[in-house]
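These notes are about the structure you will find just below.
Reminder, nothing fancy here: chain letters follow the sequence lines and each chain counts from 1.
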Amino acid sequence: MDKHYDPQTIENKWYQWWEQNGHFHDEPANGGEPYSVVIPPPNVTGILHMGHALNNTIQDVLVRWRRMQGRNTVWMPGTDHAGIATQNVVEKALRKEGMHRRDIGREKFLERVWEWRKEYGGTIVRQLRKLGASCDWSRERFTMDEGLSESVSEVFCRLYDEGLIYRGNYIVNWCPRCHTALSDEESEHQETAGHLWHIRYPVTGGGELVLATTRPETMLGDTAVAVNPADERYQSLIGKTVMLPLMNRDIPVVADDYVDREFGTGVVKITPAHDPNDFWVGQRHNLPVMDVMNGDGTMNELAGKYVGLDRFECRKQVVEDLVSAGFMVKIEPHQHAVGHCYRCDTVVEPRLSKQWFVRMKPLAAPAIEAVRSGKVCFTPQRWEKTYFEWMENIRDWCISRQIWWGHRIPVYTCNACAREWAAKTNPEKCPSCGKTDFVQDEDVLDTWFSSWLWPFSTFGWPKENPDLRFYYPTHDLATAPEIIFFWVARMIMAGCKFMDDVPFRNVYIHGTVRDDKGRKMSKSLGNSIDPLDIIAKYSADSLRFSLMLITSTGMDVYVNMEKFEIGRNFATKVWNAARFMKMHMEKLEGVDWHALANDTPELDAALLRDDDRHLLARCDAVIKTVTEHLEKFRLQDGALAIYDFIWTDFCDWHLEYAKQDLYGTDEARRRQMLALMTGVFAKALKLLHPYMPFLTEELWHQMGYGTSDETIMRVLWPQPFSTTEAATWGLSPEVTAYVDAKRELVTAGRALRSDYNIAPSLFVKYVIQSVDVAAAERLQADLETLKQQLRSEEIVIVTGTNCSDKQAMPGTLCKLGTVCLPLEGLVDVKTEAARVKAELDKTIGFLKSVEAKLSNAGFVDKAPAAVVAQQREKQQELTATIERLQTLYSTFRAG
RNA sequence: GGGCGUUUAGCUCAGUUGGUUAGAGCGCGUGCCUCACAUGCACGAGGUCACUGGUUCGAGUCCAGUAACGCCCA
């Protein structure tokens with residue numbers, strides 16, 4: 001094996017091999033229990049960022065783990081056509097050529113988008129491969145491909161025919177830059193520093209009203225002012241008219257409950273065409289609607305002399321004119337939330353327009369029930385609350401977009417008889433009059449109108465087929481919190497509506513990846529870390545493992561480049577442990593490592609020693625721990641458990657311990673030791689595989705655990721020993737406790753060396769005063785181990801407190817006995833006395849707290865018997881310890 | 001305005017049903033290139049668990065309130 005692990009070539013090699021050999025693929029005919037996951041389809045314009053890295057690592061860990069459990073596993077990959085985003089990208093390219101999409105027309109434009117997709121659309125999909133994602137690429141889908149488009153029209157037509165899709169004139173969020181309507185979710189509210197302009201409106205027949213607004217330019221479209229009907233201040237004005245400044249129009253004063261008496265002056269201007277609340281006030285009072293803007297955010301003819309001005313330029317002008325005409329009362333700074341386009345960050349304009357909507361209330365009801373009844377579970381559970389909150393107050397979904405890239409709305413209108421209908425395929429004639437003169441709606445559907453079908457459209461719906469039957473409903477969905485409304489909730493609704501079943505059982509909502517200052521990573525801030533840079537510097541395994549190790553379930557994660565060293569260091573550790581074993585394996589002949597790694601260990605129970613049993617027991621425990629954590633989406637705890645097991649148990653303790661055998665001359669022992677380590681290391685590699693797929697696959701082959709055509713991806717997830725097996729190998733809590741105690745003693749002995757500045761290269765003598773004869777015998781049997789671990793030339797074990805060596809020695813109390821370092825003449829008696837005294841004081845303090853509890857009647861009466869017993873035991877233990885410490889202390893005082 | 005989250009070692013965070021005197025990694029200090037690994041080994045220092053009050057025999061953990069920071073929705 002190479003001295004240094006070279007992840008770059010190895011990772012590419014294995015990924016290709018896995019993919020080419022179909023290891024990511026499964027199908028219903030293979031039978032078994034299904035496990036399916038659909039990827040949150042990244043935008044086809046996307047490039048891999050840390051959020052993707054986290055999201056997909058989580059999925060891959062789950063998917064690889066379930067696959068190893070023998071589940072019939074499919075991870076469905078694909079990309080989203082991302083209507084507005086993709087159209088923006090291609091429009092930008094066109095602009096560079098000095099053209100606008102209208103210059104080339106719809107058809108040519110769409111050709112350009114498809115070309116773009118062909119050339120650049122595969123970027124993120126290639127990058128997911130670098131990450132190691134075990135997606136079934138043979139199933140890869142795209143929201144605009146034929147099958148998915150069919151699902152979209154099917155769903156649209158069904159909803160249309162049921163009356164759940166309607167067209168209406170409402171205030172929508174309009175992006176003047178993208179030139180399209182947006183859904184409420186696509187308009188992101190941002191706190192913005194603005195102003196509150198107080199404007200005077202003269203009352204016809206004398207007097208005036210002062211009102212406050214944050215968007216003065218919209219006054220050009222005012223058709224009323226409103227006050228609260230219960231507001232005494234303005235009672236006399238209701239029904240009168242006021243003169244709209246600058247426009248010299250008379251508009252009525254209406255009374256409406258919507259008006260907040262506390263806000264500003266308690267009077268608001270009503271602009272039905274440019275504010276959703278005003279729109280509803282307008283409806284209630286039959287007010288005219290005056291749209292004063294164009295789709296691009298400039299003012300139209302209805303804005304009078306302001307025609308042609310951009311909305312913000314117009315705002316300036318209007319304010320100036322109000323000031324010079326004496327209508328401006330005051331201007332205050334004002335902080336308020338302003339909607340921004342989620343694609344281009346332009347300030348969204350609420351604007352009246354004719355759009356298509358989905359009636360959501362009837363769809364929401366079963367979806368709410370699905371979560372309430374536990375058919376869909378959120379992890380962490382608190383997100384259910386967010387889900388319910390939104391679902392119970394759901395508003396109709398604006399699904400039409402005034403762009404070209406997307407699924408065109410399949411609604412047709414007959415020019416001859418005005419019949420409007422929806423059709424899944426291009427119609428030949430009008431279903432009413434039979435004429436062929438009809439037109440299709442110009443708009444396309446919101447991108448999410450295809451994504452909400454993703455869990456079943458990707459499996460071939462609406463066609464009835466084995467994949468759909470077998471893999472639907474899927475099992476786990478991993479995604480970010482900001483996607484709950486956009487996607488998760490809508491998928492649940494679509495699943496309930498069209499499949500009569502939920503789309504997935506578990507939703508794991510993970511956190512956001514932030515920089516180390518807690519800021520969201522973004523291009524504009526320039527604080528992003530490119531996952532590919534991490535892969536290039538440290539490897540995909542390091543990226544994956546580090547991310548999993550530092551990300552607590554559902555919590556945000558703060559990253560910087562250095563944090564990924566932990567994964568790199570761990571990979572190196574594992575590699576070196578393997579290299580060490582391999583070195584010794586090569587000295588033996590005729591050993592079937594493959595069998596040892598895959599079957600029940602062939603060990604000679606008689607040759608097993610307590611340290612070996614300890615390793616087996618710890619390995620068994622870690623199998624249980626990791627499995628349990630994965631079941632609960634506690635991927636961090638799973639990673640930590642393996643990390644700790646491999647690093648501390650396997651390498652620091654057992655591998656060092658094994659050296660006495662491996663460098664020894666007894667071949668039976670060498671065989672036994674390597675057989676034992678092979679069994680354990682193979683299990684550890686399996687447990688690690690979901691987190692570090694590449695390294696574990698490489699070692700699986702290098703170590704000869706798998707034949708050249710076997711992959712660790714498909715070996716079975718390790719199982720803990722049965723009770724019989726555990727008994728055969730002599731595993732017991734007692735044995736584990738003994739080895740733990742022995743390690744405590746070794747650590748104490750090393751600390752003594754360290755305290756006395758004894759160079760690690762020096763071999764020294766130790767004296768161990770064991771607590772009893774049994775401990776003495778056991779330690780005696782382990783003498784060689786102890787000598788090695790303590791780097792000692794001689795260890796004298798004596799029983800009881802009577803040390804044969806009359807001299808005072810530095811010593812530390814342990815469960816098995818007192819470990820002492822005889823240092824003739826070198827002992828600083830005073831220092832040692834102080835050291836023991838400190839230990840003694842600490843122990844007495846501890847005992848006092850235990851005794852305080854035990855003398856508390858309430859505790860003894862009410863605490864569970866086991867807890868009380870535990871404290872009693874502690875009390876005895878501490879008392880004994882104190883006694884021994886006092887003896888030790890007196891030695892130094894006497895000396 | 002409504003909701004949610006966070007606050008534990010210098011830093012980043014674990015701590016699952018309340019029960020030993022609270023753990024990890026990084027960083028820091030000391031000593032080591034000891035025959036897998038200096039991307040390492042050994043040893044060590046470091047915390048009145050944000051604050052106030054309550055429940056309890058017992059609170060980092062449960063309840064109420066306060067403060068700071070962050071997120072979501074209106």
Which value, in whole Å, describes the distance between the P atoms of nucleotides B/U21 and B/G25?
23 Å
Applying ring-ring contact (aromatic ring centres under 6.0 Å, His included), can you list everything that pairs with A/His274, at least two apart in sequence or on another chain?
none
Just to verify, which of A/Leu640, A/Val680, A/Ile623, A/Leu687 counts as forming a side chain to side chain contact (heavy atoms under 4.5 Å, CB included) with A/Phe645?
A/Val680
So what does A/Thr512 touch, heavy atoms closer than 4.0 Å: a base, only the sugar-phosphate, or nothing?
nothing
For A/Asp661, what residues pass the side-chain contact (heavy atoms from CB on, under 4.5 Å) criterion, not counting sequence neighbours?
A/Arg609, A/Arg669, A/Met673
On RNA chain B, check which nucleotide each of A/Asp644 and A/His584 is closest to and give me the residue with the more 5' one.
A/Asp644
For A/Thr881 and A/Thr843, the nearest pair of non-hydrogen atoms, with its separation, is CG2-CG2, 4.1 Å
When you check the phosphate oxygens OP1 and OP2 of B/G3, does a side-chain N or O of A/Lys385 lie under 4.0 Å from one of them?
no
side-chain hydrogen bond (donor to acceptor under 3.5 Å, both in side chains) against A/Glu698, all qualifying residues, sequence neighbours excluded:
A/Lys13, A/Trp14, A/Gln702
Which atoms of nucleotides 72-74 of chain B (N or O only) lie under 3.5 Å from a protein N or O atom, and what are those distances?
unit_1	atom_1	unit_2	atom_2	d
B/A74	OP1	A/Arg395	NH2	3.2

What I want to find out is whether A/Asp637 reaches A/Lys632 closely enough, with some N-O distance under 4.0 Å, to be called a salt bridge.
no
Distance between the C1' atoms of B/G23 and B/C62, in whole angstroms?
22 Å
Rounded distance in Å between the C1' positions of B/U34 and B/C43
15 Å
Which whole number of Å gives the distance between the P atom of B/U61 and that of B/U20?
14 Å
Distance in Å, A/Glu349 CD paired with A/Asp275 CG, rounded so as to fall on 0.5 Å steps:
10.0 Å
Could you list the residues that satisfy salt bridge (Lys or Arg N to Asp or Glu O under 4.0 Å) with A/Lys659, not counting sequence neighbours?
A/Glu656
Enumerate the salt bridge (charged side-chain N to carboxylate O under 4.0 Å, His left out) contacts for residues 839-859 of chain A, please, sequence neighbours excluded, ordered by first and then second residue.
A/Lys837-A/Asp841
Mind running side chain to side chain contact (heavy atoms under 4.5 Å, CB included) on A/Leu182 and A/Trp174 for me, showing each step along the way?
CA-CA 6 Å; A/Leu182 300 171; A/Trp174 181 270; over 6 Å; no
Would you call A/Arg743-A/Asp652 a salt bridge at under 4.0 Å N-O?
no
Quick one, which residues of residues 648-658 of chain A touch RNA chain B with a heavy atom under 4.0 Å?
A/Cys651, A/Asp652, A/Leu655, A/Glu656
Roughly how far apart, to the nearest Å, are B/G58 and B/C4 at atom P?
30 Å
Picking from B/A14, B/U12, B/U20, which would you name as closest to the side chain of A/Lys874?
B/U20
For the CG atom of A/Leu655 and the CZ atom of A/Phe580, what is their distance to the nearest 0.5 Å?
4.5 Å
Under 4.0 Å between any heavy atoms, over every strand shown, what does A/Lys659 touch: base, sugar-phosphate, or nothing? Just pick one.
base
For B/C43 and A/Arg750 - does any side-chain N or O of the residue sit under 4.0 Å from the phosphate oxygens OP1/OP2?
yes
Same-atom distance (C1') from B/A59 to B/A22, integer angstrom
13 Å
Would you say the side chain of A/Met360 lies within less than 4.5 Å of the side chain of A/Met391, judging by non-hydrogen atoms?
no
For a ring-ring contact (aromatic ring centres under 6.0 Å, His included) with A/Phe570, tell me which candidate from A/Tyr5, A/Phe545, A/Phe564 qualifies.
A/Phe545
Watson-Crick or G-U stems involving RNA chain B, each at least 3 pairs long, distances under 3.5 Å, ordered by first number:
B:1-7 with B:67-73, B:10-13 with B:23-26, B:28-32 with B:40-44, B:50-54 with B:62-66
Between A/Trp575 and A/His4, what is the shortest heavy-atom contact and its length?
NE1-C, 3.8 Å
I want to check something: taking the side chain as every heavy atom from C-beta on, are A/His584 and A/Met677 in contact at a cut-off of under 4.5 Å?
no
Polar-atom pairs under 3.5 Å, protein N or O versus N or O of nucleotides 28-34 of chain B: list them with distances, or write none.
none

Below 30° counts as parallel, above 60° as perpendicular, anything between as tilted: where do the rings of A/His654 and A/Tyr657 land?
tilted
With A/Phe378 as partner, the option from A/Tyr387, A/Phe633, A/Trp383 fulfilling ring-ring contact (aromatic ring centres under 6.0 Å, His included) is A/Tyr387
Which residues share a side-chain contact (heavy atoms from CB on, under 4.5 Å) with A/Thr479, sequence neighbours left out
A/Pro40, A/Leu477, A/Ile483, A/Trp487, A/Val488, A/Ile509
May I ask you to say what A/Asp637 touches in the nucleic acid, namely base, sugar-phosphate or nothing, with a heavy-atom cut-off under 4.0 Å?
sugar-phosphate
Would you tabulate the nitrogen or oxygen pairs shorter than 3.5 Å linking the protein to nucleotides 56-59 of chain B?
unit_1	atom_1	unit_2	atom_2	d
B/C57	OP1	A/Lys862	NZ	2.0
B/C57	O2'	A/Asn856	ND2	2.8

Give me the residues of residues 567-582 of chain A where at least one heavy atom lies under 4.0 Å from an atom of RNA chain B, by number, or none.
A/Arg568, A/Asn569, A/Thr572, A/Lys573, A/Asn576, A/Ala577, A/Arg579, A/Phe580
Say you pick atom P in B/G44 and the same atom in B/U56; how far apart are they, in whole Å?
42 Å
Scan A/Arg753 against the nucleic acid and name what it touches under 4.0 Å (heavy atoms): base, sugar-phosphate only, or nothing.
nothing
Taking B/A68 as the reference, what is the distance to B/G27 when you measure between their P atoms (whole Å, please)?
35 Å
